[in-house]
Amino acid sequence: MSVKKEPEKGLKPLDVAEGEKVVMRFAPNPNGPPTLGSARGIVVNSEYVKKYDGTFIIRFDDTDPQTKRPMLEAYDWYIEDCTWLGAAPDKVVIASDRMQMYYDYAEKLIEMGQAYVCFCDGGEFKKYKDAKESCPHRNESVEVNLTHWKKMVAGEYEEKVAVLRIKTDIKHKDPAIRDFGAFRIVKVPHPRPEVGDKYVVWPLLDFEGAIEDHELGMTHIIRGKDLMDSETRQGYIYKYLGWDYPKTTHWGRIKIHEFGKFSTSGLRHAIEEGEYTGWDDPRLPTLRAMRRRGIKPEAIRKFMIEMGVGETDVSISLDTLYAENRKMVDPTANRYFFVWDPVEIEIQDVEPRTATPPLHPTENRGQREIEVGTKVLICKDDMESLEVGDKLRLKDLYNIEITSTAPLQAKYTGDSMPPVKKGEKRIRIIHWAPIDGAPVKVLAPHGEFNGIGERQIANELDNLVQFERFGFCRIDSVDHEIVAYFAHK
RNA sequence: GCUCCGGUAGUGUAGUCCGGCCAAUCAUUCUGGCCUUUCGAGCCAGUGACUCGGGUUCGAAUCCCGGCCGGAGCACCA
């Protein structure tokens, strides 16, 4: 009766029947690499499957060789990225391998009198539909429809001439439901070589999905709310075939502030134009880019799970994801100095020495060693605010006082942190780099940064480090120069 | 035009099914403070919300009706 209102953690429970074995799927069209948007589907579905010890299936809905043409490499990329996200599939199904099955069911439905070949063009059919009237082809006999269907499959009609429709209720109050299309003709070969030009008649999503969800024994489906009407449409197929429909949940659109609106085809075009370096360019919302930047899969999982499954459209900022990632990497990320837009500063009255800043401010991970002569590099940004007489501290090195700005010069004023008097602001601390440090390039979503960093950064290949006062970066390569990908502050 | 769905702080969520424990949870952002060493990390604190109007009720974020706002479908895309 009175149920406690405990704050609920994670995903809401699923409606699972006694003894039911949960089967769920993620069903992308591989027309590009998985993005942060895909991650929601991957993570949430796989998380439910983990929770209920079920089966997680990846199904490639690749039945459109033309408009949203699949990309050959993307099939593997999906598996790769799912595995990276901790969502390795129990089973992988490719729709374009299963065409005969779709044809068999189509034929069966025609024989039952529940599907017909329609020769109306789009506008023509819409008129009938809007008037709640049958088109002339709807009442053709089973025999005639079968003949037409066989000619259609055999490639005897041109594109757009014929389509197979499922009979629903032509007078249904919702126009979206009335006699939807199930197959159309596309004479463009499929990109997969094993499929190629074997088929000219391709199923539409509502049909393909309906058949597959039943064939694969799906118990629960989570999908975008743009597919809400699908259940009603597909329900007719299920009714004709005597099947039970899986339990469905819908979620709203997800928009990410940092990336705004993007389309796979738009991104592909921009990459081809050389606007981006590739599908893992740090400015892109792909999972490959996230991985390269050092975003942990666990952070993405947590982020998506906490977002939950709601029907409202969400417009989120990546700050939350970054914060999650930062918590995970902060204890293990070593600290280094990286000076972008470096300028030289000469320090007078000082002996060369070795600075030994700690690798981490709180974890006891040892220290780095930096040889310092009489000159160091500091950021141009820091330099620009300096005036003669300013006192500041070079972090983990010593204190200086600016003596000249026109060649930038300072004098050494002591090793220890000056005591802070009450009410006074603590001395300004800036970071620096040795004059003979390693060249470093940072590729970030907000631009490219070039400068000099500590030489020891070269030992951190593939690790996530923090460049002090700059942000967390993954060291991507250490060849002639160090290349780092920016993760977040 | 027809049909469907949704609306809790800047953002995302918990709570809504089964009204009282909700002057509303958690996270993030923002602001401020702390730190013998990051103006950017860390630590601490603070600001900040039930779309509006009616109704039912002793009592409504929760139930009902209406308005407003937002989203989606009506494709030979997925």
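Chain identifiers are assigned alphabetically (A, B, ...) following the order of the sequence lines, protein sequences preceding nucleic acid strands; residue numbering begins at 1 within each chain.
Counting any heavy atom pair closer than 4.0 Å across all strands shown, R335(A) reaches a base atom. E311(A) comes within 4.0 angstrom of the backbone, heavy atoms only, and of no base. Across all strands, P357(A) comes closer than 4.0 Å to no nucleic acid atom at all (heavy-atom distances).
Applying the Watson-Crick and G-U wobble criteria (two distances, each under 3.5 Å), U57(B) pairs with nothing in any strand. Pair assignment for G12(B): C26(B), on the basis of Watson-Crick or G-U wobble contacts that are both within less than 3.5 Å. Across all strands shown, nothing is found opposite C18(B) as a Watson-Crick or G-U wobble partner with both distances under 3.5 Å. Remark: C76(B) base-pairs with no nucleotide; criterion is Watson-Crick or G-U wobble with both hydrogen-bond distances under 3.5 Å. Using the Watson-Crick or G-U wobble rule with both distances under 3.5 Å, U38(B) pairs with nothing in any strand shown. Of the nucleotides present, C5(B) is the one that pairs with G70(B) by Watson-Crick or G-U wobble criteria, both distances under 3.5 Å.
For the pair R293(A) and F472(A), the cation does not sit on the ring face, since its NZ or CZ is not both under 6.0 Å from the ring centre and inside 45° of the axis. With F125(A) as the aromatic partner, R165(A) meets the cation-pi criteria of under 6.0 angstrom to the ring centre and within 45 degrees of the ring axis. No cation-pi contact links R455(A) to Y336(A), judged by a cut-off of 6.0 Å to the six-membered ring centre and 45° from its axis.
A donor N or O paired with an acceptor N or O is found under 3.5 Å between the base of U38(B) and the side-chain atoms of Q466(A).
Put simply, CD on E384(A) is 17 Å from P on C39(B), counting in whole angstrom units. F337(A) places its CZ atom 14 Å from the P atom of G40(B), with the value rounded to the nearest Å. Between the CZ atom of F449(A) and the C1' atom of G40(B) there is a distance of 12 Å, rounded to whole Å. Between H360(A) atom NE2 and U38(B) atom P the separation is 13 Å, expressed in whole Å. Whole-Å rounding puts the K489(A) NZ to C30(B) C1' distance at 13 Å. The nearest whole Å value for the distance from the CG atom in L464(A) to the P atom in A41(B) is 15 Å. Rounding to whole angstrom units, CD1 of residue I430(A) and P of C39(B) are separated by 9 Å. For M304(A) and U11(B), the CE to P distance is 19 Å, given to the nearest whole Å.
Listed pair K132(A) / C2(B) fails the phosphate criterion, with no side-chain N or O lying under 4.0 Å from OP1 or OP2. Put simply, K173(A) has a side-chain N or O that comes within less than 4.0 Å of OP1 or OP2 on C4(B). Residue K327(A) places no side-chain N or O under 4.0 Å from the OP1 or OP2 atom of A27(B).
Using C1' as the reference atom, C21(B) and A60(B) are 15 Å apart when rounded to the nearest Å. A24(B) sits 26 Å from C5(B) when the C1' atoms are compared, rounded to a whole Å. Atom name P, nucleotides U62(B) and A23(B): the rounded distance is 13 Å, in whole Å. With P as the reference atom, G10(B) and G6(B) are 23 Å apart, rounded to whole Å. The gap from the C1' atom of C69(B) to that of A27(B) amounts to 27 Å, rounded to the nearest Å. Separation of the C1' atoms belonging to G7(B) and C44(B) is 35 Å when rounded to the nearest angstrom. Taking atom C1' on both U8(B) and C52(B), the two are 15 Å apart, rounded to the nearest angstrom. On the P atoms, A75(B) is 44 Å away from U29(B), given to the nearest whole Å.
Atom CE of M152(A) and atom CD1 of I185(A) lie 4.5 Å apart (nearest 0.5 Å).
Contacts with RNA chain B (heavy atom under 4.0 Å) in residues 393-402 of chain A: R393(A), K395(A), D396(A), listed by number.
Checked against side chain to side chain donor-acceptor pair (under 3.5 Å), K302(A) has the following partners two or more places apart in sequence or in another chain: E324(A). With sequence neighbours excluded, the residues that form a ring pair (Phe, Tyr, Trp, His ring centres under 6.0 Å) with F119(A) are H137(A), H148(A), Y157(A).
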Quick tally for nucleotides 71-78 of chain B: nucleotides whose base has a protein heavy atom under 4.0 Å get B, sugar-phosphate-only ones S, the rest -, giving SSBBSBBB
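A salt bridge does not link D169(A) with K132(A): none of the charged nitrogens is closer than 4.0 Å to a carboxylate oxygen. Electrostatic pairing of R368(A) and D396(A) does not count as a salt bridge here, judged by no charged N lying under 4.0 Å from a carboxylate O. A salt bridge does not link D390(A) to R428(A): none of the charged nitrogens lies less than 4.0 Å from a carboxylate oxygen. D382(A) has no carboxylate O lying under 4.0 Å from a charged side-chain N of K380(A), or vice versa, which leaves the two without a salt bridge. Electrostatic pairing of K167(A) and D179(A) does not count as a salt bridge here, judged by no charged N lying under 4.0 Å from a carboxylate O.
Relative to the side chain of S315(A), the nucleotides A14(B), G12(B), U28(B) differ in distance, and G12(B) lies closest.
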Output a table of donor-acceptor pairs, distance under 3.5 Å, between side-chain atoms of residues 245-254 of chain A and any protein atom two or more places apart or on a different chain; print 'none' if there are none.
unit_1: Y245(A); atom_1: OH; unit_2: R223(A); atom_2: NH2; d: 2.8
unit_1: Y245(A); atom_1: OH; unit_2: Q234(A); atom_2: OE1; d: 2.5
unit_1: K247(A); atom_1: NZ; unit_2: D15(A); atom_2: O; d: 3.3
unit_1: K247(A); atom_1: NZ; unit_2: E20(A); atom_2: OE1; d: 3.4
unit_1: T248(A); atom_1: OG1; unit_2: E231(A); atom_2: OE1; d: 2.4

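Positionally, the nearest nucleotide of RNA chain B for H257(A) lies more toward the 5' end than for the other of T320(A) and H257(A). Each of E468(A) and D330(A) was matched to the nucleotide of RNA chain B holding its nearest heavy atom; the match closer to the 5' end belongs to E468(A).
Y75(A) is not listed as a side-chain neighbour of V92(A), based on a closest heavy-atom distance of 4.5 Å or more.
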Dump every N/O contact between nucleotides 31-35 of chain B and the protein below 3.5 Å, one line per pair.
none

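Side-chain contact annotation: T168(A) with R178(A), donor-acceptor N/O pair under 3.5 Å absent. With hydrogens and angles left out, the side-chain atoms of E215(A) and Y105(A) include a donor and acceptor closer than 3.5 Å.
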